[in-house]
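Here is how names work: the chains are called A, B, and so on, in the same order as the sequence lines, proteins then strands, and each is numbered from 1. Values reported hereafter were calculated over all heavy atoms of this structure, with side chains retained and with hydrogens, waters and symmetry mates removed.
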Amino acid sequence: MSDEIKNSCENKDEEFVSSNFINDFIEEDLASGKVPNNTIITRFPPEPNGYLHIGHAKAICIDFGTALKYGGKCNLRFDDTNPSKEDVEYVESIKEDVKWLGFKWDGLFYASEYFEIMYDSAIKLIKKGLAFVCDLTADEIREHRGTLTEPGKNCAYRDRSIEENLDLFEKMKNGEFPDGLKVLRAKIDMSSPNINMRDPVIYRILRANHHRTGDKWCIYPMYDYAHPIEDVVEGITHSLCSLEFEDHRPLYDWVKDNIDLPAKPRQIEFARLNLAYTQMSKRKLLQLVNEKFVSGWDDPRMPTISGLRRRGFTSASIRDFCEKIGVAKNNSTVEYALLEHCIRNDLNTSASRVMAVLKPLKVVIENYPKDQVEWFDVENNPENPETGTRKVPFSREIYIEQDDFMENPPNKFFRLAPGREVRLKNTYFIKCESIVADAATGQIIELRCSYDPASRGGNSPDGRKVKGTLHWVSVQHAVKAKVCIYDHLFTKIDPEDVEEGKDYISNLNPNSLEILQNCMVEPDLANAKPGERFQFLRMGYYCVDITSSPDKLIFNRTVGLKDTWAKVSTKC
RNA sequence: UGGGAUGUCGCCAAGUUGGUAAGGCACCAGAUUUUGAUUCUGGUAUCCGUUGGUUCGAGUCCAGCCUUCCCAGCCA
């Protein structure tokens with residue numbers, strides 16, 4: 001864990017990972033003296049077959065956060081036991097994302113580093129009569145496995161001699177059999193009510209180029225066999241994983257107890273994160289990328305860490321979110337509003353306020369001197385006064401937001417309307433005198449207003465009040481920008497909630513991306529750097545896109561501001 | 001119908017040894033506000049899946065029932 005994060009949770013380590021059932025187990029183990037050197041060691045073990053997403057962020061916060069809480073260690077380990085799906089592109093992205101999230105691993109390992117140990121351990125199992133080479137086809141193995149309600153059957157190869165098994169397994173390793181011809185199986189119990197214990201396959205023959213070991217191996221260990229060995233070798237004390245592995249724990253323990261290595265890690269399972277309106281399946285996110293439903297793994301609509309980063313989320317906000325959702329064994333779906341709260345909460349104090357008009361409506365202030373320009377001092381962030389002020393130019397022609405004017409306003413609308421007076425943020429009161437509309441379409445082209453010179457700074461000496469304060473941008477100083485507004489990628493809280501015969505693709509939100517090409521932003525923003533975050537006053541939080549440049553500014557909306565008026569206006 | 005989990009406010013989630021329901025988000029009302037933002041104040045489960053039982057007393061113990069999720073990859 002970086003110093004930055006340690007400092008940010010100074011004096012409240014307890015709160016970094018609030019107490020939960022995992023902590024209770026660990027404290028029990030610590031108290032009973034079961035933990036070697038009283039040092040907790042965890043690991044985050046992704047398979048490098050895709051990019052990390054917000055669900056992984058939860059696991060990362062639990063794995064690294066738990067180690068931090070107990071002054072222990074946490075390894076980053078790539079579970080690369082199936083080369084057919086893995087790639088170095090993914091290992092690089094995973095390293096980057098873990099670092100960006102603010103965590104520092106103690107050890108960086110690959111399961112493939114342990115292939116030799118795994119192979120030797122398999123030989124030991126064979127010698128103990130606990131593993132055998134099986135010639136059944138995949139289909140035949142399935143038939144022998146039985147069903148949820150019926151026990152399985154022993155196969156004919158189960159009683160091969162140790163010598164024959166040793167010989168065959170070596171030949172498997174030496175590439176003397178084609179893919180799929182034979183497997184190595186653990187000899188446990190074909191009638192176990194737990195299907196994972198019905199002589200599970202622990203090695204398969206697979207000729208695929210491995211991103212680290214190349215063509216050295218043509219047999220690869222299966223997860224259930226490999227994982228406990230990886231944990232044991234690294235001295236992991238607590239192997240934290242998600243709920244679907246609960247049924248695998250007896251097998252995890254079986255392997256751990258039979259391979260004659262000293263360490264005894266304990267597997268503890270917690271519920272994985274479900275977030276409303278988001279797809280968490282790596283396989284399906286890969287499909288969205290491959291079939292171009294999104295622009296890439298880092299599309300700002302993606303729930304990936306890289307997508308959230310590009311969207312403008314801070315790592316602190318994601319850590320805060322992971323802490324707030326808690327850790328339990330209950331399958332649950334967290335509302336998107338909580339994530340939004342976390343990012344707004346962080347950005348409220350850190351993001352500079354600037355003025356940007358997304359849907360411009362031109363306003364001419366008729367009684368303002370034609371060539372005059374006034375530069376107003378504007379505070380960068382009222383929540384954070386030490387960030388100082390900047391100069392913003394004001395002139396006779398400005399842009400305001402189209403939504404800030406209504407020709408026939410409803411009751412509770414207190415922005416600009418014919419004959420009505422409002423304040424332009426930091427400058428003057430203006431009053432709408434007339435509307436210029438397109439003769440043919442009736443569309444409003446511009447507003448003619450007057451201003452009150454006495455209200456300079458935003459208050460009238462006669463004590464007159466206005467209800468609305470609008471943001472604005474001077475026409476002659478405005479910088480054009482493109483702004484991308486995002487909505488949920490899916491229309492359903494659960495993207496898998498589909499009609500008969502359809503799949504989650506049918507739940508894709510056709511309006512998840514809205515591009516505004518003609519936004520007008522204040523001149524200071526011309527120098528904004530990719531990744532910089534701002535609050536567009538009254539609009540929301542926006543982040544400069546990684547593809548943005550001074551001659552082609554692009555902003556991504558991270559999240560809008562809370563909008564009470566939107567609620568009120570729908571009732572009007 | 002086998003096995004493993006789970007069920008506390010709209011959404012998450014605390015509730016160590018039974019003693020009379022934390023907190024966050026969301027929501028509602030009011031105050032402050034040159035962002036209808038922020039901030040602030042107040043409100044929101046007589047009830048803990050359900051039915052019984054034990055007990056002076058149960059969300060916490062016991063029994064039955066029900067819900068939802070996971071497991072029949074040579075994926076992880």
Side-chain angles (χ1 to χ4, degrees), chain A residues 18-20 24 45-47 49 79-82 84-85 134 136-138 141-143 145-152 179-185 192-198 200-206 219-220 222-224 226-227 241-250 269 271 273 276 282-283 321 323-342 344-345 348-349 353 355 379 382-383 412-415 422-427 429 457-459 466-471 493 535-540 560-569:
Chain A
S18 49
S19 194
N20 57 53
D24 294 344
E47 182 186 17
N49 66 347
D79 212 349
D80 54 351
T81 58
N82 183 1
S84 66
K85 292 161 67 182
C134 181
L136 255 32
T137 64
I141 287 180
R142 190 184 323 116
E143 286 159 20
R145 189 152 35 220
T147 67
L148 294 178
T149 53
E150 304 157 39
D179 287 11
L181 222 223
K182 294 179 194 302
V183 291
L184 184 70
R185 295 224 256 164
S192 171
N194 181 343
I195 292 179
N196 295 121
M197 301 299 271
R198 318 235 264 229
V201 171
I202 60 176
Y203 261 99
R204 78 283 216 177
I205 304 172
L206 177 62
I219 58 171
Y220 290 94
M222 300 287 288
Y223 169 87
D224 283 314
H227 208 85
C241 63
S242 46
L243 244 33
E244 67 266 30
F245 293 105
E246 235 160 358
D247 285 345
H248 297 241
R249 198 192 323 141
E269 311 84 7
L273 168 68
K282 255 199 229 175
R283 205 196 93 227
F321 172 74
E323 212 239 289
K324 283 185 159 65
I325 58 177
V327 183
K329 300 192 67 153
N330 193 15
N331 274 306
S332 58
T333 300
V334 176
E335 287 179 345
Y336 202 83
L338 182 58
L339 219 208
E340 294 186 326
H341 166 263
C342 292
R344 286 191 192 111
N345 190 39
N348 180 42
T349 52
R353 272 61 172 167
M355 293 196 284
E379 63 183 344
E383 301 291 325
K412 298 203 168 141
F413 185 84
F414 45 80
R415 275 114 95 146
V422 297
R423 170 167 42 230
L424 291 179
K425 178 80 178 171
N426 292 117
T427 56
F429 285 4
N459 281 306
V466 291
K467 290 188 92 173
T469 300
L470 312 185
H471 61 281
I493 289 176
Q535 184 195 98
F536 286 0
L537 218 61
R538 303 206 303 134
M539 301 305 285
L561 252 29
K562 278 214 209 172
D563 190 353
T564 307
W565 164 242
K567 276 185 233 165
V568 175
S569 63

Under 4.0 Å, heavy atoms only, any strand: does [X] hit a base, just the sugar-phosphate, or nothing?
| X | answer |
| --- | --- |
| Ala337(A) | sugar-phosphate |
| Gln535(A) | base |
| Phe245(A) | base |
| His248(A) | base |
| Glu383(A) | base |
| Asn49(A) | nothing |
| Arg198(A) | nothing |

Whole-Å gap separating [atom2] ([N]) and [atom1] ([X]):
| X | N | atom1 | atom2 | result |
| --- | --- | --- | --- | --- |
| Tyr203(A) | rG73(B) | OH | C1' | 18 Å |
| Asp247(A) | rA76(B) | CG | P | 17 Å |
| Lys425(A) | rU33(B) | NZ | C1' | 9 Å |
| Leu148(A) | rA72(B) | CG | P | 8 Å |
| Asn196(A) | rG2(B) | CG | C1' | 13 Å |
| Arg538(A) | rU38(B) | CZ | P | 14 Å |
| Leu243(A) | rC70(B) | CG | P | 10 Å |
| Lys182(A) | rC74(B) | NZ | P | 17 Å |

> Are any non-hydrogen side-chain atoms of Arg204(A) and Met222(A) less than 4.5 angstrom apart?
Replying inline: yes
> Is there side-chain contact between Val334(A) and Lys324(A), with heavy atoms separated by less than 4.5 Å?
Replying inline: no
> Since syn is defined as within 90° of 0, does rG36(B) count as syn or as anti?
Replying inline: anti
In Watson-Crick or G-U wobble terms, both distances under 3.5 Å, what is the partner of [N]?
| N | answer |
| --- | --- |
| rC61(B) | rG53(B) |
| rU16(B) | none |
| rU39(B) | rA31(B) |
| rA72(B) | none |

[N] and [M]: how far apart are their [atom1] atoms, nearest whole angstrom?
| N | M | atom1 | answer |
| --- | --- | --- | --- |
| rU1(B) | rU17(B) | P | 33 Å |
| rA76(B) | rG10(B) | P | 41 Å |
| rU50(B) | rC11(B) | P | 15 Å |
| rA37(B) | rU46(B) | C1' | 38 Å |
| rC9(B) | rC47(B) | C1' | 10 Å |
| rA13(B) | rG2(B) | P | 28 Å |
| rG15(B) | rG23(B) | P | 14 Å |
| rA22(B) | rC12(B) | C1' | 14 Å |

Think [X] has a side-chain N or O under 4.0 angstrom from the OP1 or OP2 of [N]?
| X | N | answer |
| --- | --- | --- |
| Arg353(A) | rA37(B) | no |
| Arg142(A) | rG73(B) | yes |
| His471(A) | rU35(B) | no |
| Thr564(A) | rA37(B) | yes |
| Thr81(A) | rA76(B) | yes |
| Arg423(A) | rG36(B) | no |
| Arg204(A) | rC75(B) | yes |

Nearest to the side chain of [X], heavy atoms from C-beta on, is which of [options]?
| X | options | value |
| --- | --- | --- |
| Lys412(A) | rA76(B), rG3(B), rG36(B) | rG36(B) |
| Ile141(A) | rC74(B), rG4(B), rU38(B) | rC74(B) |
| Met222(A) | rA26(B), rG2(B), rG73(B) | rG73(B) |

Anything under 3.5 Å between a protein N or O and an N or O of nucleotides 27-31 of chain B, put it in a table, one pair a line.
{"unit_1": "rC27(B)", "atom_1": "OP1", "unit_2": "Lys567(A)", "atom_2": "NZ", "d": "2.9"}

> Which pair of non-hydrogen atoms, one from Leu273(A) and one from Ile325(A), has the smallest distance, and what is that distance?
Replying inline: CD1-CD1, 3.9 Å
>> Just to verify, what does Asp179(A) make a salt bridge (Lys or Arg N to Asp or Glu O under 4.0 Å) with, not counting sequence neighbours?
In response: Arg207(A)
>> Within this structure, what is the CD-CZ distance for the pair Gln535(A) and Arg344(A), rounded to the nearest 0.5 Å?
In response: 10.5 Å
>> Checking the side chain of Asn330(A) only, and the main-chain atoms of Ala271(A) only, is there a donor and an acceptor separated by less than 3.5 Å?
In response: no
>> Before you tell me yes or no, could you show the steps for Trp565(A) and Phe414(A) under ring pair (Phe, Tyr, Trp, His ring centres under 6.0 Å), namely the whole-Å CA-CA distance, both residues' side-chain angles and the distance that decides it to 0.1 Å?
In response: CA-CA 10 Å; Trp565(A) 164 242; Phe414(A) 45 80; 7.2 Å; no
> With Phe245(A), which residues qualify under side-chain contact (heavy atoms from CB on, under 4.5 Å), at least two apart?
Replying inline: Tyr223(A), Cys241(A), Ser242(A), His248(A), Gln267(A)
> Which letters describe nucleotides 9-17 of chain B, given B = protein heavy atom under 4.0 Å from base, S = only from sugar-phosphate, - = neither?
Replying inline: -BSSSS---
>> Among residues at least two apart in sequence or on other chains, which ones pass side chain to side chain donor-acceptor pair (under 3.5 Å) with Thr469(A)?
In response: Arg423(A)
> With sequence neighbours excluded, what pairs up with Lys329(A) under the side chain to side chain donor-acceptor pair (under 3.5 Å) test?
Replying inline: Glu246(A)
> Which is it for Asn82(A) and Tyr220(A) under the side-chain contact (heavy atoms from CB on, under 4.5 Å) test, yes or no, and what are the steps along the way?
Replying inline: CA-CA 7 Å; Asn82(A) 183 1; Tyr220(A) 290 94; over 6 Å; no
>> For Leu470(A) and Arg538(A): C-alpha separation, side-chain torsions, deciding distance, then whether side-chain contact (heavy atoms from CB on, under 4.5 Å) applies.
In response: CA-CA 8 Å; Leu470(A) 312 185; Arg538(A) 303 206 303 134; 3.6 Å; yes
> Where do Leu136(A) and Glu143(A) land on the side-chain contact (heavy atoms from CB on, under 4.5 Å) test, with the steps shown first?
Replying inline: CA-CA 10 Å; Leu136(A) 255 32; Glu143(A) 286 159 20; over 6 Å; no
> Pick the nucleotide of RNA chain B nearest each of Leu424(A) and Asp563(A); which residue has the one closer to the 5' end?
Replying inline: Leu424(A)
> Has Trp565(A) got its ring stacked on rG36(B), by the test of a centre gap below 5.5 Å and a plane angle below 30°?
Replying inline: yes
